[in-house]
> 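I have a structure I would like to understand better, so I am pasting it below and will then ask my questions one at a time.
Throughout, a chain's letter reflects where its sequence line sits, starting with A, and its residues are numbered from 1. Keep in mind that the numbers below use all heavy atoms, side chains included, and drop hydrogens, waters and symmetry copies.
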Protein chains: 2
Amino acid sequence: MNIVQEESRRDRKKLQRRTLLIEIARRSIATKGLRSLKVRDVAEAAGCSIGSVYNEFGDFDGLILTVNRETVQALTTRLKAVPTDDPLRQLHGLADAYLGFASEHANLLRSLFEHRMEDDRPFPEDILAMVMEAFALMHAPLVRLLPDRDPSDVALLSRMMFSAVHGIISLGLEERMVAVPPEQLRERLAQFVDTHLAGLGITRSA
Amino acid sequence: MNIVQEESRRDRKKLQRRTLLIEIARRSIATKGLRSLKVRDVAEAAGCSIGSVYNEFGDFDGLILTVNRETVQALTTRLKAVPTDDPLRQLHGLADAYLGFASEHANLLRSLFEHRMEDDRPFPEDILAMVMEAFALMHAPLVRLLPDRDPSDVALLSRMMFSAVHGIISLGLEERMVAVPPEQLRERLAQFVDTHLAGLGITRSA
DNA sequence: CTCGAAAATGAACATTGTTCAAGAAGAATC
DNA sequence: GATTCTTCTTGAACAATGTTCATTTTCGAG
């Protein structure tokens with residue numbers, strides 16, 4: 001039989017179940033947090049055996065990492081959807097989009113940043129690269145706003161700015177230790193971005 | 001017998017072992033990360049039974065939280081040791097002290113911020129209060145630098161600034177996803193603080 | 001229809017947090 | 001010092017959960 005094309009019914013079913021497993025795991029993490037995710041629960045909810053989860057993802061970390069991978073992708077998609085016409089508005093848009101995503105998917109984002117691998121296995125390169133890519137999205141607008149600065153300097157500036165935004169948001173959305181009241185977070189975050197840009201010599205009217 | 005004073009030998013031994021258990025747990029978290037901490041390892045290292053750990057801390061979370069509690073205390077002590085004579089220098093000192101502590105005790109700080117309680121048990125109030133207190137330490141110097149601003153506004157500003165610093169540091173020290181190269185972190189962090197202060201209308205020479 | 005490869009299964013195992021009945025140790029009383 | 005009472009300690013047993021793998025089932029190829 002032709003090996004190249006023609007996905008067999010078997011393959012279709014396999015992919016279908018893989019998708020189902022991921023969806024169930026994601027929903028569980030999103031609603032009850034990463035710590036409550038159990039292999040048996042996922043298997044039962046998907047109507048298959050424990051072994052099948054292992055066949056599909058190798059181990060439990062494999063399932064978690066797959067969900068995390070899709071979380072970064074969703075985040076990146078959302079960040080890239082921010083309009084790029086006005087660089088200043090874009091920076092605010094990125095911060096606000098990040099806040100929006102973090103509000104709607106707090107547990108998924110926590111899973112991405114807080115999950116530690118078993119033993120000392122290395123963190124997957126591809127996820128790392130995707131996160132770095134997301135955090136570099138402030139680079140382009142900042143370059144437009146700071147055309148005279150050393151580009152490598154601006155690269156660092158942008159990642160620092162995004163890290164700062166990340167810190168404000170992740171602590172702000174933590175129910176415990178509310179550094180900034182959630183209801184004010186959106187407004188305050190915008191204020192923070194403005195302040196920092198002002199410090200870089202960029203004014204709103206410019 | 002007098003109940004008030006006079007700590008019996010029993011009490012002394014109990015306290016001594018409690019201290020030992022905490023020390024062992026802390027060392028384990030610091031070197032191998034929270035995820036590698038096991039009740040049996042701690043008990044064996046302390047030369048006592050598993051049950052004794054439970055007698056002392058109630059459950060495993062109890063031990064972790066005790067270590068975390070002492071971590072905040074150590075952090076706060078270090079932050080409060082920053083000279084307060086010059087508010088501007090104090091702000092830089094606080095950021096730098098936080099970076100220093102985070103560098104030396106990365107895993108302990110991660111344990112503090114990333115540990116999730118079993119089920120949905122509430123996060124201990126006292127630890128929460130201590131973290132909030134630490135994060136409010138930028139308030140005093142900022143008030144001195146911004147005497148004309150609404151004090152409640154400055155309170156928020158200070159927590160946001162600390163949250164931002166926290167974000168930059170915690171992502172910067174993560175071996176994976178290096179948003180900012182660790183060897184530049186110190187210098188860049190100072191630059192960040194300066195930039196943000198400039199945005200608030202505060203200049204170095206002022 | 002038969003055969004063989006691939007997948008699915010779930011019982012069994014390993015690890016680890018937790019409990020608790022029984023015993024040991026220490027304090028109080030005489 | 002003996003007795004009794006309280007408290008602490010112990011570790012075997014249990015429960016929850018990630019992991020393995022021999023067996024069975026499925027499904028496409030010839």
> Just the rounded figure in Å: distance from C1' of C/dT9 to NZ of A/K14.
14 Å

> Rounded to whole angstroms, how far apart are NZ on B/K13 and C1' on C/dA25?
11 Å

> The criterion is side-chain hydrogen bond (donor to acceptor under 3.5 Å, both in side chains); which residues satisfy it with B/T71, sequence neighbours excluded?
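Per chain and number, B/T71 pairs via side-chain hydrogen bond (donor to acceptor under 3.5 Å, both in side chains) with no residue.
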
> Roughly, in whole Å, what's the span from NZ in B/K32 to C1' in C/dT16?
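Distance check: B/K32 NZ to C/dT16 C1' gives 14 Å.
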
> Let me know the distance between CG of B/L21 and P of D/dT9, rounded to the nearest Å.
10 Å

> What is the distance, rounded to the nearest whole Å, between atom CZ of A/R35 and atom C1' of D/dG18?
15 Å

> Residues in ring pair (Phe, Tyr, Trp, His ring centres under 6.0 Å) with A/F162, at least two apart?
A/Y98, A/F135

> Could you list by number each residue of residues 43-67 of chain A showing a heavy-atom separation from DNA chain C of less than 4.0 Å, or answer none if no residue does?
A/C48, A/S49, A/G51, A/S52, A/N55

> Tell me every residue that passes ring pair (Phe, Tyr, Trp, His ring centres under 6.0 Å) with A/F101, counting only those two or more places apart in sequence or in another chain.
A/H105

> If the cut-off is 4.0 Å, is A/R17 near the phosphate of C/dA8, judged by side-chain N/O to OP1 or OP2?
yes

> Please report the distance, rounded to the nearest Å, between CZ in A/R40 and P in C/dA11.
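It works out to 11 Å between those atoms.
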
> Between C/dA7 atom C1' and A/L15 atom CG, what is the distance in whole Å?
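Distance check: A/L15 CG to C/dA7 C1' gives 15 Å.
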
> What nucleotide, of C/dG17, D/dC8, D/dG18, holds the atom closest to the side chain of A/K38?
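The nucleotide sitting nearest to the side chain is D/dG18.
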
> Assess whether a salt bridge exists between B/R17 and B/E56, defined as any Lys/Arg side-chain N lying under 4.0 Å from an Asp/Glu carboxylate O.
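B/E56 and B/R17: not salt-bridged.
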
> Checking A/D41 now: which residues fulfil salt bridge (Lys or Arg N to Asp or Glu O under 4.0 Å) with it, not counting sequence neighbours?
none

> Which residue pairs satisfy the salt bridge (charged side-chain N to carboxylate O under 4.0 Å, His left out) criterion with at least one member in residues 81-99 of chain B, sequence neighbours excluded?
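For residues 81-99 of chain B, and leaving out neighbouring residues, the salt bridge (charged side-chain N to carboxylate O under 4.0 Å, His left out) pairs sorted by first residue read B/D86-B/R89, B/D96-B/R186.
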
